[in-house]
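Note that the numbering runs from 1 along the sequence shown for the chain. In listed order, ligands and their atoms are each counted from 1. Values in this document were obtained by computation on a predicted structure and should not be read as measured data.
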Amino acid sequence: MLRAAAGDAGRAYKQQLIDLLDITPGQTALDAGCGPGTDLAALAERVGRDGKVIGVDRAPAMLAKARERSAELPVVEIREGDVHALPVAAESVDRAKMDRVLMHVDDPAAALAQLHHVTRPGAVIGLVEPDWDTLVVDSEDLDTSRAFTRYTTGHVVRNATIGRSLARLADQGGFHILTVVTTTPVFRDFQEADHTLGLGRNMQQAIDGNHIDQQRGRRWFTDLSEGQFYASFTLITVICSR
Ligand SMILES: C[S@@+](CC[C@H](N)C(=O)[O-])C[C@H]1O[C@@H](n2cnc3c(N)ncnc32)[C@H](O)[C@@H]1O
């Protein structure tokens with residue numbers, strides 16, 4: 001759900017994240033929760049032939065896709081594992097990124113402690129998470145848009161408001177905060193937003209669970225598909241050092 005990397009805004013914040021990591025040739029970079037391997041090629045390019053990129057994910061389908069994508073990249077190694085117990089040697093990583101993973105995990109503080117464990121002193125770490133309280137969907141029925149956002153934060157995403165807490169959690173995890181920046185992906189296309197934000201799917205769940213009235217929820221969704229569309233939310237990027 002909430003496939004927030006789609007579209008131009010997705011590409012822009014990822015490029016910014018990798019730029020802010022300030023990777024130099026020969027370094028070891030970790031992509032914790034690498035998903036389908038979207039960022040592995042960019043990391044491989046930065047570390048160069050003498051560097052190393054480790055992608056870790058726990059989902060077999062994601063690992064298969066990441067392996068397929070990085071098959072031609074000899075510096076990339078994909079490992080199956082959990083971010084609560086990273087299969088990576090202590091103090092072996094120079095640069096690490098974790099992009100939209102903490103919002104899903106059981107224990108974000110434990111995952112950050114693992115990142116601390118595997119990174120070297122002086123390493124730079126980039127964290128990105130959304131804050132789903134910032135999800136706004138334009139509709140004449142403002143109450144239902146608000147109810148949809150409340151349902152998303154309360155029932156769809158495990159750690160839905162972790163974005164705003166990211167710098168505090170990283171600080172509590174022993175990292176030094178270098179910078180915090182935000183990005184606001186804007187959706188003007190209904191189909192893209194429906195796919196990325198789960199408008200129809202999550203609204204149906206909200207109706208089925210009696211969180212939103214069926215008639216109102218259906219009308220809200222149908223009206224969104226007609227005419228001008230606007231939705232946005234905020235992604236928070238925290239760059240810190242070990
Ligand atoms: C929204 S995707 C983001 C993928 C990737 N970071 C990106 O930016 O394209 C979240 C990923 O986190 C992974 N994930 C969630 N919880 C995890 C955990 N405890 N350990 C390892 N991976 C996890 C999922 O399998 C999924 O691939």
Side-chain angles (χ1 to χ4, degrees), residues 1-21 23 29-46 53-70 73 76-88 93 95-119 125-132 135 152-153 156-163 166 169-170 173 181-183 185 192-193 195-198 201-202 233-239:
M1 56 77 51
L2 303 169
R3 302 170 183 87
D8 291 345
R11 281 188 285 278
Y13 90 83
K14 280 183 166 294
Q15 180 67 48
Q16 180 188 47
L17 169 65
I18 287 170
D19 286 347
L20 288 169
L21 283 177
I23 299 169
L30 168 68
D31 192 348
C34 66
T38 311
D39 300 329
L40 297 173
L43 294 173
E45 195 184 320
R46 304 285 173 114
V53 176
I54 304 168
V56 175
D57 206 282
R58 68 173 179 186
M62 293 292 175
L63 291 163
K65 190 82 192 148
R67 287 202 173 98
E68 187 187 311
R69 268 184 160 166
S70 58
L73 301 169
V76 177
E77 192 188 326
I78 308 297
R79 299 182 187 171
E80 182 172 3
D82 197 293
V83 296
H84 297 96
L86 284 167
V88 179
V93 168
R95 299 290 185 266
K97 63 172 277 285
M98 187 144 58
D99 177 0
R100 294 168 301 125
V101 178
L102 289 176
M103 69 170 167
H104 299 297
V105 307
D106 293 343
D107 188 345
L112 286 171
Q114 273 291 294
L115 266 190
H116 198 273
H117 178 67
V118 303
T119 47
I125 294 94
L127 308 168
V128 184
E129 297 296 334
D131 191 312
W132 290 111
L135 174 62
T152 302
T153 55
V156 180
V157 187
R158 185 188 300 250
N159 306 310
T161 59
I162 194 162
L166 206 49
L169 290 171
V181 290
T182 62
T183 316
E192 187 198 356
H195 175 75
T196 305
L197 303 170
R201 187 175 60 249
N202 295 334
F233 70 95
T234 301
L235 280 167
I236 295 96
T237 298
V238 172
I239 306 295

Does ligand 1 come near enough to Val56 that some N or O of the ligand is less than 3.5 Å from an N or O of the residue?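 Min N/O separation from ligand 1 is not below 3.5 Å for Val56.
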For Asp82 and ligand 1, does the shortest N/O to N/O distance drop below 3.5 Å?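 There is such a contact, yes.
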Mode of [X] contact toward ligand 1 - side chain, backbone, both, neither (heavy atoms, under 4.0 Å):
| X | answer |
| --- | --- |
| Met98 | neither |
| Met62 | side chain |
| Thr38 | side chain |

Summary of side chain to side chain donor-acceptor pair (under 3.5 Å) pairs that have at least one residue in residues 58-67, sequence neighbours excluded: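 Those involving residues 58-67 do not exist here.
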Pairs meeting criterion salt bridge (Lys or Arg N to Asp or Glu O under 4.0 Å) with involvement of residues 106-119, two or more places apart: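 Those involving residues 106-119 are Asp106-Arg158.
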Can you sort out which atoms of ligand 1 are near Gly33, meaning under 4.0 Å from one of its heavy atoms?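 Result: 4 (C), 5 (C), 6 (N).
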What are the atoms of ligand 1, with element, lying closer than 4.0 Å to any heavy atom of Cys34?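 Contacts of ligand 1 toward Cys34, numbered from 1: 5 (C).
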For a side-chain hydrogen bond (donor to acceptor under 3.5 Å, both in side chains) check, start with the C-alpha distance between Thr38 and Arg69, then their side-chain angles and the critical distance, and finish with the verdict. CA-CA 8 Å; Thr38 311; Arg69 268 184 160 166; 3.2 Å; yes
If you measure from each heavy atom of Met103 to ligand 1, is any distance below 4.0 Å?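 Outside the 4.0 Å threshold, so no.
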So, 4.0 Å and heavy atoms of Gly81: is ligand 1 close enough to count as a contact?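 Under 4.0 Å: yes for Gly81.
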